[in-house]
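Below, all heavy atoms of this structure are taken into account, side chains as well, without hydrogens, waters or symmetry copies.
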Amino acid sequence: MSTTQAGEGRNIPPLSLHVPEPRYRPGDIVSFAEDPTLAEAGAVRRPAPDAAPDTMRDLPYTLVRVLDPEGRAVGPWDPRLSPDRVRAMLRKMMLTRAYDERMYRAQRAGKTSFYMKCTGEEAVSIAAAEALDRGDMCFPSYRQQGLLIARDWSLVDMMCQVYSNRGDRLKGRQLPIMYSVKEAGFFSISGNLTTQYPQAVGWAMASAAKGDTRIAAAWCGEGSTAEGDFHSALTFASVYRAPVILNVVNNQWAISSFQGFAGGEATTFAARALGYGVAGLRVDGNDALAVYAATEWAAERARGNHGPTLIEMFTYRAEGHSTSDDPSAYRAADEAKCFPLGDPVERLKAHLILLGEWDEARHAAQAEEVAVQVRDAQREAEKLGVLSGGDFKQDFQTMFEDVFEEMPWNLAEQRDQMNAERKAAGI
Amino acid sequence: MSTTQAGEGRNIPPLSLHVPEPRYRPGDIVSFAEDPTLAEAGAVRRPAPDAAPDTMRDLPYTLVRVLDPEGRAVGPWDPRLSPDRVRAMLRKMMLTRAYDERMYRAQRAGKTSFYMKCTGEEAVSIAAAEALDRGDMCFPSYRQQGLLIARDWSLVDMMCQVYSNRGDRLKGRQLPIMYSVKEAGFFSISGNLTTQYPQAVGWAMASAAKGDTRIAAAWCGEGSTAEGDFHSALTFASVYRAPVILNVVNNQWAISSFQGFAGGEATTFAARALGYGVAGLRVDGNDALAVYAATEWAAERARGNHGPTLIEMFTYRAEGHSTSDDPSAYRAADEAKCFPLGDPVERLKAHLILLGEWDEARHAAQAEEVAVQVRDAQREAEKLGVLSGGDFKQDFQTMFEDVFEEMPWNLAEQRDQMNAERKAAGI
Amino acid sequence: MAVMNMIQAINSAMDVAMERDPDVIVFGEDVGYFGGVFRATAGLQKKFGKNRAFDTPISENGIVGVAVGMAAYGLRPVPEIQFADYIYPGLDQLVSEAARLRYRSAGEFTAPITVRSPFGGGIFGGQTHSQSPEAIFAHVAGLKTVIPSNPYDAKGLLIAAIEDNDPVIFFEPKRIYNGPFDGHYDRPVQPWSRHPASEVPEGHYTVPLGKAAVVRGGEAVTILAYGTMVHVVMGVVAEQGIDAEVVDLRTIVPVDIATIEASVKKTGRCLIVHEATRTGGFGAELSALVTERCFHHLESPVERVTGWDTPYPHSLEWAYFPGPVRVGEALKRILED
Amino acid sequence: MAVMNMIQAINSAMDVAMERDPDVIVFGEDVGYFGGVFRATAGLQKKFGKNRAFDTPISENGIVGVAVGMAAYGLRPVPEIQFADYIYPGLDQLVSEAARLRYRSAGEFTAPITVRSPFGGGIFGGQTHSQSPEAIFAHVAGLKTVIPSNPYDAKGLLIAAIEDNDPVIFFEPKRIYNGPFDGHYDRPVQPWSRHPASEVPEGHYTVPLGKAAVVRGGEAVTILAYGTMVHVVMGVVAEQGIDAEVVDLRTIVPVDIATIEASVKKTGRCLIVHEATRTGGFGAELSALVTERCFHHLESPVERVTGWDTPYPHSLEWAYFPGPVRVGEALKRILED
Ligand SMILES: Cc1ncc(C[n+]2csc(CCOP(=O)(O)OP(=O)(O)O)c2C)c(N)n1
Ligand SMILES: Cc1ncc(C[n+]2csc(CCOP(=O)(O)OP(=O)(O)O)c2C)c(N)n1
Ligand SMILES: [Mg+2]
Ligand SMILES: [Mg+2]
């Protein structure tokens with residue numbers, strides 16, 4: 001080490017730590033300035049789904065949008081869906097919102113311990129599910145209840161899980177909303193963030209190794225991208241060109257932390273794709289047609305053995321993180337209202353009306369209809385009980401089942417002990 | 001889910017799994033075709049060290065080189081070092097190589113349990129250390145012994161660690177080559193890959209939070225980039241704009257796995273930087289001047305509060321992974337010889353000769369001189385013992401020390417028990 | 001003196017430690033601006049600035065990893081892991097790095113980190129908001145593991161942990177953040193203000209690591225517990241009028257063997273209670289230690305009342321939780337034997 | 001029948017399992033082309049193709065994570081973790097995902113994964129090539145943990161593990177890959193070929209999980225051990241002519257409690273031997289179980305001979321390793337008590 005080297009004894013200014021800060025905090029007046037990365041509808045090119053990743057390194061820095069401010073579908077990504085299919089999507093989005101609203105109120109009424117809404121993010125799940133095949137496997141986070149609704153899964157079944165009641169196929173073992181529906185290609189939700197990501201890649205690798213035609217798709221929040229599982233998933237997906245779609249739902253917030261704490265100040269989440277040499281898209285997540293188009297493109301890519309796609313779905317978490325959260329403590333009250341990409345239900349509705357395929361009256365009627373559907377489902381579900389303090393809806397014995405396929409001696413003994421002790425204690 | 005949807009009942013070809021395969025395997029004739037990503041010396045632009053990351057997204061896809069095929073230093077990255085400094089670097093690189101050679105033979109002679117060479121990668125450590133300040137903190141992997149040699153650390157001290165002998169400051173606790181030298185700004189090496197990466201970022205964050213002027217640098221192999229720690233490190237470095245240089249030493253192999261198994265088929269390792277919105281450079285790691293220049297640039301960037309840099313050092317692991325490895329089982333015999341970027345010592349030597357600052361005779365004399373220096377150091381070190389089977393060089397009691405600052409009762413009891421039992425057994 | 005609940009006491013401990021030592025910093029998911037999902041770090045960013053109290057990416061691996069590097073620099077990091085259930089991604093940095101840094105560098109580098117994390121069940125949190133993974137940490141050489149059971153201890157132990165020069169895992173029994181829950185989930189929980197240990201000095205003091213507290217003297221049986229279970233045990237003992245000696249371990253590594261040994265040698269009987277899964281839980285170590293050291297004083301086998309060997313089930317929480325019924329039945333067995 | 005060492009037996013197990021079931025796949029770092037750093041998967045890629053035996057990125061988290069997804073698809077993955085010391089980055093996927101998938105989905109999804117990993121010391125591997133972390137896995141509900149001590153068992157247990165419908169951690173004591181090491185590091189090691197358990201059927205057979213083997217009958221004391229320690233114990237017992245009953249546990253979860261209980265009730269004395277760190281090691285669970293179940297039969301306290309509560313030290317390996325001296329001294333104490 002030369003002593004003449006630069007640095008020693010230099011009079012240089014001190015370092016400082018950069019700690020990100022969101023644009024607005026409680027009390028601030030929100031006014032989102034023009035954000036050039038949000039691009040105009042129709043402005044982004046659509047490469048062939050088999051294009052090499054290095055021919056589309058621009059895409060992560062822009063935004064795939066189909067619906068323009070008036071509600072017209074424009075540009076190369078327009079999926080040209082029939083009005084019937086668009087109406088079906090709208091209905092499912094409305095049904096999802098109604099379901100959330102009702103279950104949220106059930107929790108507030110003390111009927112269960114916990115609930116999480118996906119308000120404002122309905123397009124992300126519904127439109128993606130519409131663009132996938134029924135046999136494709138979904139590895140969701142807790143905010144993709146829309147996938148089940150898109151696949152016409154029983155609301156009663158979902159509610160029974162939320163209530164941990166006698167009808168709960170998961171035997172009351174899981175926190176509300178941690179659904180598992182193999183029949184609907186919906187993987188068991190984990191409470192540990194991002195673990196589903198490498199699992200989706202593994203499922204896709206298995207499908208590829210077996211010469212199957214089914215692909216996998218996974219979802220995680222933008223905050224969750226910081227977990228190591230995200231990196232494992234992308235690395236394995238890239239190395240083995242796994243037929244998988246990896247969605248990052250950037251709803252701007254992770255509980256109280258804005259997306260800057262996951263790296264969103266420095267670049268987009270779609271740009272993560274570049275580091276792994278895989279295709280990356282950044283999509284208007286409140287534009288159901290854009291979500292559909294991007295998912296369709298990525299599915300075709302995966303199914304054609306052209307490898308994985310990372311899609312950032314740019315959206316906004318319009319409500320609290322969960323029933324345990326009060327966002328007014330950390331973000332400005334009207335951020336959701338001011339979010340530049342609007343509301344996905346309103347936007348799809350406007351599109352259909354513009355096409356002459358929908359009107360306010362039909363919309364109001366449909367809102368009423370899905371509300372009734374949810375209310376009826378709730379009545380059915382509640383017949384099987386709701387969760388409350390000390391009153392068990394499940395047979396105790398089930399607690400010891402399914403730890404292993406066959407119950408080992410220690411669990412059998414523990415079950416017997418529990419029964420004996422409760423008996424001895426007269427309960 | 002509409003039943004008319006694309007996909008169901010489609011006659012589509014089966015998926016297949018892509019499992020990477022290196023270009024050459026044992027028995028193959030190696031002939032590296034022109035690789036466009038290797039760029040010509042001098043061809044790559046040098047942005048200002050405070051340039052925004054989004055103004056240099058091209059750099060990860062090319063290669064910063066200073067020495068041209070004849071040995072001339074060309075282009076904007078030429079660090080314009082004095083001949084004295086270049087000669088000093090050359091000497092340290094030769095010393096590192098001689099040290100490796102001798103310790104490797106000591107292991108083969110049964111004097112210790114394990115050794116790892118860095119042959120072919122000497123420039124990566126030596127030139128980087130030369131471009132850092134002495135107070136900057138290094139978080140190395142096991143293949144950066146050159147950092148210690150660059151900082152003039154005692155060879156005898158290093159050897160005592162390799163021998164786990166009475167002179168070993170680490171009390172024989174660590175596998176050979178897992179040095180720790182706080183005085184030389186060299187962090188304790190871990191056997192667990194990539195753990196040093198977020199640690200380096202944490203050190204840099206601390207330095208920044210304290211208004212210090214010292215920065216941190218870390219090294220890991222290209223194979224090690226797949227670990228979750230890599231992702232954590234880059235995420236935290238990006239979020240807090242930590243003053244840190246994160247080096248990926250892409251020596252093409254990770255034990256028996258070529259770099260394609262870490263994602264190297266799909267893109268460069270420098271491109272990982274893009275995903276985090278941080279500066280990324282891809283550098284000819286066998287070109288000491290390029291390594292110096294890139295490190296100097298990144299250090300200036302970090303010290304000026306402009307954030308982290310990820311540098312891929314493109315090089316080749318010329319020997320086996322470790323003394324436990326035989327690379328002839330998995331790679332072509334003459335790959336090292338045919339590696340298009342040559343040998344770092346030869347290239348720096350040619351440069352000095354071209355400048356008229358060096359000649360074959362001086363080179364031969366220096367080779368002899370460093371060999372003698374190493375041999376003398378070895379003699380010194382061996383006076384304090386070498387590792388061998390059952391013969392302890394360390395006081396037993398030390399085994400129980402340093403688990404905690406103060407020894408708790410269980411360790412004190414265990415120490416006493418060990419002493420008593422050995423006494424009882426007459427040993 | 002002030003009246004504090006557990007959260008307030010823990011908050012006060014960090015406040016005091018940060019006041020006294022500019023090298024103490026706190027960080028974690030939602031820890032900065034918002035002050036933590038349980039509000040344990042509320043107000044610290046405002047008071048000490050963003051350089052000393054800040055939010056992090058959602059990466060437990062990164063949180064612990066950067067803490068190790070900060071500690072190597074010379075800071076005293078106090079990271080929070082939002083729930084103990086999420087500590088596993090950070091485990092390698094804890095067990096392979098923080099725990100062994102002093103040893104492997106022969107004292108050159110150290111890792112004086114205090115990892116705080118809410119743990120334990122009883123809040124209808126399901127499998128991933130209820131776990132008690134303390135046994136995993138207890139098995140790792142080089143880590144200390146601390147579990148307070150009341151506000152006074154929580155503050156004193158946390159300050160001691162932060163001032164300790166070795167890495168400490170500080171598990172906070174979240175069920176008793178707001179009151180000393182005795183396991184009777186069907187009765188209203190008393191607030192801390194009615195409990196003497198809610199009297200907490202406002203300034204600096206420490207409760208030493210590695211020292212248990214005999215929270216109730218007795219002759220008939222020794223009960224070893226920590227965290228929430230101390231209150232469950234005390235409730236049963238009081239209700240049933242058993243002359244038990246109740247030992248609140250407070251630190252499980254290093255465990256206060258002298259206190260345990262003295263108590264069991266006196267009573268001749270021992271019950272161990274914890275919430276974690278039974279097999280391989282810390283109760284096993286306690287049972288082994290007691291038998292090894294007090295064998296000839298024991299009049300009945302050491303018993304364990306623990307969580308069952310299953311994941312933590314959401315709706316069957318109160319059947320899983322080792323509550324008053326199970327503790328009571330075990331005490332009957334032990335005293336009758 | 002063929003004569004096999006441990007590596008050959010393990011290799012043969014995978015070969016047989018892959019032959020019989022096209023859903024069995026193996027992968028891991030250096031596992032494919034090269035056949036593993038210990039050569040356990042040698043030849044499998046050549047025989048079964050790159051879709052069924054392949055190299056992976058260096059990401060234990062990814063290796064286990066993709067295995068869970070593959071298992072959900074319907075495969076039977078057999079990933080290798082190169083050394084048990086490197087399993088921690090994959091721990092979350094093991095304990096939070098694989099272990100709980102059947103439970104949390106009420107049987108909809110399962111994770112029939114067998115994670116193979118060389119473990120234990122005695123090879124001068126230092127801190128990160130020597131660990132025995134079995135206790136961590138034993139504490140996790142939903143995982144089985146298997147540790148063979150000889151070629152015959154290794155093959156039969158590995159096939160059984162692969163065929164099992166639950167996740168299994170299969171720890172291979174690397175010190176005995178090539179011969180039944182008895183702890184006398186200063187004597188030449190015998191090759192497996194001189195040991196009867198090296199006679200291994202070439203085809204399919206299983207050794208059931210959850211069943212211990214009484215490898216030596218005896219009356220004076222029961223010794224519980226697994227892996228390398230079985231041979232250390234057998235050596236001491238033979239040399240000292242002690243009438244010990246030696247139980248090779250083979251599976252530690254679920255442990256074969258019936259065999260343990262019967263033996264200890266017969267002998268009245270019990271020694272537990274393992275290489276892992278003492279505090280919170282699996283020996284603690286064994287000691288607790290024995291005391292709980294055999295208390296009135298015990299004539300002396302259950303003892304543990306284990307690794308010390310320190311990281312695994314490189315050059316002091318033989319002072320750390322619980323070798324013949326320590327086992328011998330403990331037996332003396334137990335038999336004299
Ligand atoms: C491993 C892990 N760490 C922390 C948590 C606690 N946690 C639950 S949700 C959440 C925020 C996730 O934010 P994001 O990924 O953006 O998803 P969103 O809630 O916005 O849909 C956190 C920190 C967890 N569940 N798992
Ligand atoms: C966490 C962890 N996993 C696996 C290993 C085993 N291992 C040691 S070195 C190595 C290869 C590393 O390759 P690379 O990162 O390219 O570095 P290089 O050896 O080429 O310098 C592996 C797999 C380890 N030490 N730590
Ligand atoms: Mg979010
Ligand atoms: Mg390498």
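- With sequence neighbours left out, E421(A) forms a salt bridge (Lys or Arg N to Asp or Glu O under 4.0 Å) with R326(C), R333(C).
- Nearest heavy atoms, G280(D) versus A135(D): O-CB, 3.5 Å.
- Among residues two or more places apart in sequence or in another chain, the side-chain hydrogen bond (donor to acceptor under 3.5 Å, both in side chains) test is passed with N192(A) by D92(D), S96(D).
- Ranked by heavy-atom pairs under 4.5 Å with chain D, the list T398(A), D229(A), N410(A) is led by D229(A).
- Not counting sequence neighbours, the partners of A204(A) by the side chain to side chain contact (heavy atoms under 4.5 Å, CB included) test are A216(A), A242(A), P243(A), V244(A).
- Below 4.5 Å, heavy atoms of chain A meet heavy atoms from N51(D), F54(D), D55(D), T56(D), all part of residues 47-56 of chain D.
- At a 4.5 Å heavy-atom cutoff, the contact between Q174(A) and chain D is made by side-chain atoms alone.
- Within the 4.5 angstrom heavy-atom criterion, atoms from both the backbone and the side chain of F187(A) approach chain D.
- In this structure, the portions of V255(D) lying under 4.5 Å from any heavy atom of chain A include both its backbone and its side chain.
- Looking at R169(A) and E108(D), a side-chain N of the basic residue comes within less than 4.0 Å of a carboxylate O on the acidic one, giving a salt bridge.
- The closest donor-acceptor contact from the side chain of S238(A) to the backbone of V278(A) lies at 3.5 Å or more, if one exists at all.
- Only the side chain of E413(A) comes within less than 4.5 Å of a heavy atom in chain D; its backbone stays farther off.
- If you look at F171(D) and F137(D), their ring centroids are closer than 6.0 Å.
- Neither the backbone nor the side chain of P89(D) comes within contact range of chain A; no heavy atoms are under 4.5 Å apart.
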